[in-house]
Amino acid sequence: MEMLFRSTRGYGKRVRSSPAILSGIAPDGGLYVPVSMPSLDRSLDELACLDYRSLSHYIISKFFTDLGPDTLRECIDDAYDTKYDDSSIVPVVKKDRVYFMELFHGPTLAFKDMALTMLPHLLKAAAAKTRNRKEIVILTATSGDTGKAALEGFAGVEGTRIIVFYPAGGVSSIQERQMTTQSGDNTYVIAIRGNFDDAQKGVKAIFTDKGFAAGLDRKGYIFSSANSINIGRLIPQIVYYVYAYLKISQGSGSGEKINIAVPTGNFGNILAAYYSKKMGLPVDRLICASNINNVLYEFINTGVYDRNRKFIITSSPAMDILVSSNLERLLFDLAGEDPEVINMLVRDLSEKGRFVIDKKMREGLKDFYGGFATEDETSAGIKGVYDKYGYLIDTHTAVGYSVYQKYVGDTGDDRPALIAATASPFKFPRSVAGAIDGKYLSEDELGLLDVLSEISGLEIPHPLAGIAGRRIIHKRTCSIDKMKAVVSEILGL
Ligand SMILES: *Cc1c(COP(=O)(O)O)cnc(C)c1O
């Protein structure tokens, strides 16, 4: 059966997966959603026999029908290969009732790799399918991890260029170093003097500028997005929830429900968990964990989404976000798929910086539990897990773990839980080592990689080995209002 996609903001035409992936965002500014949710139509026992690649093919082919099964198989094989340092792709580590789903074994050591090692291949396939001959320009705002994962995915991919904006001072030194040392003639990295929301807003403004798009078109370019609003990123993320569930439930009698805790920023990862539940995966609560930029915590608990507040830089920078783009897809569901409601909420958010959902929509939120962790709680989470299990988690995962503990305290519900471990602890050496022993907080971040290796008994992950000595290739900085000018200059418009 062919799957079609429609925009959250309009009654406009339904499109196949190729154009949806290629454009990233719908022409009306909305996000593409599948018109219906396919279900897991094979038994869990049967699915448990599949390896990661085969399970990916089973799930993704239900959504990206027009790419065809063979092309999709190639995209998957190209994505999940020896770039991952663990042959299972997503190892699941059990600690008592908690299972850490390690999503950080890809080339940039964060969960973004799970989708971004595949997206370039999906985009090329989509371009071929729609007979697009233009050069694809990927424009991306990053809070640290997306940028590097996208650069790594697209570097050297023919027919593409990638431009990444990141907030100066808003990412860890390792993250910054990973991006500024990126090789590849088709890669561009720019620091902006602003925060992630500024970067995201700037990129959105460039995307929706019709005049700019016309100029691009004349020059033979087409924009696409590697941000998590692209449906080509969202769908591959469903796979690991199913995969981890199958690993957990093996032998314990299938069908038992689990809880899932996800450290959340742009709401992409947890939305994929929600989609897995809609597909029929036995999941009870979705625990949405925020850091002190806790807009989502407030929203889930009050129905009021309010971005009028101070933006705080934390030790979990990938979650320092006040406007969670992917929430729009959940809102669309909660509103009974009524685009009028979405348009109203989006207008309120843009004009007043806040919106309120009605009682009926709030009822739909009961699948979710919203919590947040302070900086101290995040450190305590790292130390607590290390002291108890000798297992090292990163700051983002620690936010997920802390909020999960609050959830158990609040509800007494201690059924088996999956925690999305979204980054390697080696990506955030100062915060992680500092949580174990305060004396490290004043030390140089790059130098602490060795310390972490000693503490954890693990080798420094291959992608970070020798990073301190790599040549810095990208040195450009610009103000928020110059982002469009920079893109023009790069593309020679
Ligand atoms: C991006 C990111 C998150 C947040 O994921 P969203 O899909 O934006 O909610 C959490 N942790 C890490 C390490 C990330 O890179």
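In listed order, ligands and their atoms are each counted from 1. In what follows, residues are counted from 1 in the order of the sequence shown. Source: prediction; values computed, not measured.
- Heavy-atom contacts of A423 reach the following atoms of ligand 1: 13 (C) (cutoff under 4.0 Å).
- Under the rule for a ring-ring contact (aromatic ring centres under 6.0 Å, His included), Y99 has no partner lying at least two apart in sequence or in another chain.
- Annotation: atom 8 (O) of ligand 1 to nearest protein heavy atom, N266 N, 2.7 Å.
- Side-chain atoms of Y297 and N291 form no donor-acceptor pair, as typed in the model, at a separation below 3.5 Å.
- Using modelled atom types, one finds no donor on one side chain facing an acceptor on the other under 3.5 Å when comparing R97 with N259.
- Using a 4.0 Å cutoff on heavy atoms, S228 does not count as a contact of ligand 1.
- Looking only at atom types and distance, the side chain of N266 has no donor-acceptor partner in the side chain of S324 under 3.5 Å away.
- The protein heavy atom nearest to atom 9 (O) of ligand 1 is G265 N, 2.7 Å.
- Within ligand 1, the atoms closer than 4.0 Å to a non-hydrogen atom of P263 are 4 (C), 10 (C), numbered from 1 in the order shown.
- Remark: the T108 side chain and the E152 side chain contain no N/O donor-acceptor pair separated by less than 3.5 Å.
- Residue, atom and distance of the protein heavy atom nearest to atom 12 (C) of ligand 1 are T422 OG1, 3.4 Å.
- Looking from atom 1 (C) of ligand 1 to the surrounding protein, the closest heavy atom is K112 NZ, 1.4 Å.
- A donor-acceptor contact under 3.5 angstrom links the side chains of R161 and Y188, judged on distance only.
- A centroid separation of less than 6.0 Å is found between the aromatic rings of Y391 and F100.
- Contact atoms of ligand 1 toward T264: 9 (O) (distance under 4.0 Å to a heavy atom of the residue).
- Smallest separation of non-hydrogen atoms from R9 and D28: C-OD2, 3.6 Å.
- If you number the atoms of ligand 1 from 1 as listed, the ones under 4.0 Å from a heavy atom of D145 come out as 12 (C), 13 (C), 14 (C), 15 (O).
- When F111, F267, F428 are ranked by how near their heavy atoms come to atom 5 (O) of ligand 1, first place goes to F111.
- In the vicinity of G268, heavy-atom distances shorter than 4.0 Å reach the ligand 1 atoms 6 (P), 7 (O), 9 (O).
- Closest to atom 7 (O) of ligand 1 among all protein heavy atoms lies N269 N, 2.8 Å.
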